[in-house]
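Taking it in order: structure first as structure tokens, then the write-up.
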Amino acid sequence: MPVTAIVGAQWGDEGKGKVVDTLAAHADVVVRYNGGNNAGHTIQNERGTFRLHLLPSGIFHPASQCVVGPGVVVNPDALLSEIDEVERAGVPTVGRLWLDQRAHLVFPYHIAMDELEEAARGGAPHGTTKQGIWPVYADKAGRTGIRVGDLLEAGHLTEQIRFVAARKSALFRGVYRHEPVDAGAMLARCGRWTDRLRPYITDTHPLIQEALRADRMILLEGQLGVMRDLDWGVYPYVTSSTTLAGGASAGAGIPPYRITRVLGIAKAYTTAVGAGPMPTELCDATGDLIRELGQEYGATTRRPRRCGWFDGVAARFAAEVAGFTQLAVMKLDIFDTFDAVRLAVAYRLDGRTVHTVPHTAAMGRVEPIYEELPGWRAPTQGARRLTDLPVEARVFLRRIEEIVGVPITMIGVGAGRSDVIFTQESVP
Ligand code: GDP
Ligand code: IMO
Ligand code: MG
């Protein structure tokens with residue numbers, strides 16, 4: 001049984017939620033391994049449309065155990081409102097949702113710092129989701145973070161909170177000219193969180209080890225995409241966690257060699273929210289058309305997403321650093337009415353042709369070199385086999401495979417759970 005890492009191949013929002021929801025029909029365990037509620041993973045199934053931010057996208061399959069892994073940062077208020085939402089839709093969570101004790105907690109001061117630093121950047125913000133992501137990972141690295149397991153250790157928690165509130169208050173008063181952090185309010189908040197989260201908090205290590213020993217099917221669900229990875233993305237316009245399959249190993253507690261399949265998720269085009277270079281962005285009617293047809297508005301912030309052609313240079317780079325063994329191409333149906341489609345196959349940089357992702361400043365001035373292919377001008381949503389697709393669509397997909405260097409095993413032809421084609425190599 002494979003352990004599969006689901007990794008975003010672009011700038012995020014590639015359709016990871018849909019892929020996990022689809023594959024989880026066969027999964028025993030689904031683990032979210034990085035990020036926090038900056039994620040917005042959309043799922044459309046028989047229960048409705050859901051935008052999950054922290055819950056693993058396997059939650060709708062009653063037989064799947066769902067783990068929020070140690071690499072995730074958890075805003076308990078956001079998690080609890082998601083738990084309420086899925087429970088209202090008839091999905092039980094107690095006894096199958098597990099929150100690892102090692103995951104770090106997002107507090108209101110993290111969110112305030114994110115907002116204040118974005119404001120301090122004036123006209124050039126990074127365009128974060130303002131969910132406190134970098135401040136909580138900074139505290140984690142700075143070893144002043146407060147973890148989920150601390151909620152169950154009252155004495156230790158009180159000590160930590162007193163120290164952190166004093167340090168943050170000095171920062172807030174002195175640097176931000178902002179009201180201080182109230183230790184009493186933090187403790188009261190933690191008390192409320194503990195009351196409700198107690199049934200979910202655990203050490204997920206034994207559960208994961210048992211699943212590995214029993215050779216169960218495990219899905220590792222990533223947040224964001226390689227181009228926003230802390231090390232390999234367009235720094236500083238990145239997030240603060242590792243979005244690669246390596247992050248899946250550390251963030252879920254699974255040895256790297258046990259990950260047998262790394263499924264990169266891409267869209268048939270590129271989108272990004274937030275600032276930073278995106279070479280294939282189209283600031284024209286075609287970009288607007290992709291946005292409208294693809295309904296490209298942020299699942300977390302509702303911001304319009306920047307849209308453009310498929311960037312083969314960035315996708316190949318992503319495949320190389322994250323080690324994709326397979327590729328899923330979602331939203332093929334968005335091009336059903338296009339006369340022609342384009343793919344970036346290289347960049348022009350200062351008079352040279354390059355085939356890899358350069359330093360961020362240089363990435364901001366590259367010019368994509370495109371290849372144009374004929375469109376198919378036919379509906380694809382009902383297609384369930386590769387041979388159901390028009391020949392032009394298959395040529396387009398074949399070209400993506402060649403450029404990225406990875407076989408395509410899943411093709412998205414609609415937002416619903418069943419709107420997917422599994423090619424021969426797929427192991428659902
Ligand atoms: P994620 O963050 O990677 O999970 O992706 P998002 O949920 O933020 O964005 C993907 C959007 O595309 C969602 O609205 C999905 O419902 C939708 N979607 C996913 N796959 C397909 C597809 O193949 N076709 C269409 N039309 N929509 C899709
Ligand atoms: P999913 O998991 C798309 C972007 C933000 C910003 C940068 C840093 O749904 O693909 P952060 O709040 O993490 O400090 O923001 O990353 N960003 C996302 N873009 N999808 C996401 O998640 C994102 N999470 C963060 O817009 O540019
Ligand atoms: Mg998303």
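Here the structure is a predicted model, which means the values were calculated and not measured. First listed ligand is number 1; within each ligand, the first listed atom is number 1.
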Quiz item: Is there a nitrogen or oxygen of R303 sitting under 3.5 Å from a nitrogen or oxygen of ligand 2?
Solution: yes
Quiz prompt | Between T4 and R261: side-chain donor-acceptor atoms closer than 3.5 Å | solution = yes
Exercise. Heavy-atom distances under 4.0 Å are what count here, so tell me which part of D114 touches ligand 2: side chain, backbone, both or neither.
Key: neither
Exercise. Name the closest protein heavy atom to atom 24 (N) of ligand 1, giving the residue it belongs to and the distance to 0.1 Å.
Key: D333 OD1, 2.9 Å
Practice problem: Classify the contact between M410 and ligand 1 as side chain, backbone, both or neither, using a heavy-atom distance cut-off of under 4.0 Å. | Solution: neither
Practice problem: Check each atom of ligand 2 against the heavy atoms of G127 and keep those under 4.0 Å away; list them by number with element. | Solution: 5 (C), 6 (C), 26 (O), 27 (O)
Quiz item: With atoms numbered from 1 as shown, which atoms in ligand 2 lie under 4.0 angstrom from a non-hydrogen atom of W11?
Solution: 3 (C), 19 (N)
Quiz item: For atom 10 (C) of ligand 1, what's the nearest protein heavy atom and its distance?
Solution: D13 O, 3.7 Å
Exercise. State the atoms of ligand 2, each with its element, that fall below the 4.0 Å cut-off from a heavy-atom position in H41.
Key: 1 (P), 2 (O), 9 (O)
Practice problem: Using a strict 4.0 Å cut-off to heavy atoms of D13, name the atoms of ligand 2 that fall inside it. | Solution: 1 (P), 3 (C), 9 (O), 10 (O), 20 (N), 21 (C)
Quiz item: What about L224: any of its N or O atoms under 3.5 Å from an N or O on ligand 2?
Solution: yes
Quiz item: Counting each atom of ligand 2 from 1 as listed, which ones have a heavy atom of K16 under 4.0 Å away?
Solution: 1 (P), 2 (O), 10 (O)
Quiz item: Just checking, is any N or O donor in the side chain of Y176 or E115 under 3.5 Å from an acceptor N or O on the other one?
Solution: no
Quiz prompt | Side-chain heavy atoms of I43 within contact of L52, under 4.5 Å | solution = yes
Self-check item: 2.8 Å cut-off (strict), protein N, O or S atoms about the Mg ion (ligand 3)
Solution: 2
Quiz prompt | Residues in ring pair (Phe, Tyr, Trp, His ring centres under 6.0 Å) contact with Y33, at least two apart in sequence or another chain | solution = none
Self-check item: salt bridge (Lys or Arg N to Asp or Glu O under 4.0 Å) partners of E281, counting only residues at least two apart
Solution: R306
Self-check item: Contact check: G40 vs ligand 2, nitrogen or oxygen atoms, below 3.5 angstrom
Solution: yes
Quiz item: Which residues satisfy the salt bridge (Lys or Arg N to Asp or Glu O under 4.0 Å) test with E46, sequence neighbours excluded?
Solution: R417
Self-check item: Contact atoms of ligand 2, heavy-atom distance to G274 under 4.0 Å
Solution: 26 (O), 27 (O)
Practice problem: Tell me which one of T128, I265, V273 gets a heavy atom nearest to atom 15 (O) of ligand 2. | Solution: T128
Self-check item: ligand 1 contact by G414, heavy-atom criterion under 4.0 angstrom
Solution: yes
Quiz item: Can you find an N or O of Q131 that's nearer than 3.5 Å to an N or O of ligand 2?
Solution: no
Exercise. Tell me which protein heavy atom sits closest to atom 4 (O) of ligand 1, plus the residue, atom name and distance to 0.1 Å.
Key: G17 N, 2.8 Å
Quiz item: Please state which protein non-hydrogen atom is closest to atom 11 (C) of ligand 1 and give its distance, to 0.1 Å?
Solution: K331 NZ, 3.6 Å
Quiz item: For ligand 2, which atoms sit closer than 4.0 Å to a heavy atom of A39?
Solution: 1 (P), 2 (O), 9 (O), 22 (O)
Exercise. Go through ligand 2 atom by atom and flag the ones less than 4.0 Å from a non-hydrogen atom of G12.
Key: 10 (O)
Self-check item: Taking atom 2 (O) of ligand 1 as the reference point, the nearest protein heavy atom with its distance
Solution: G40 O, 2.9 Å
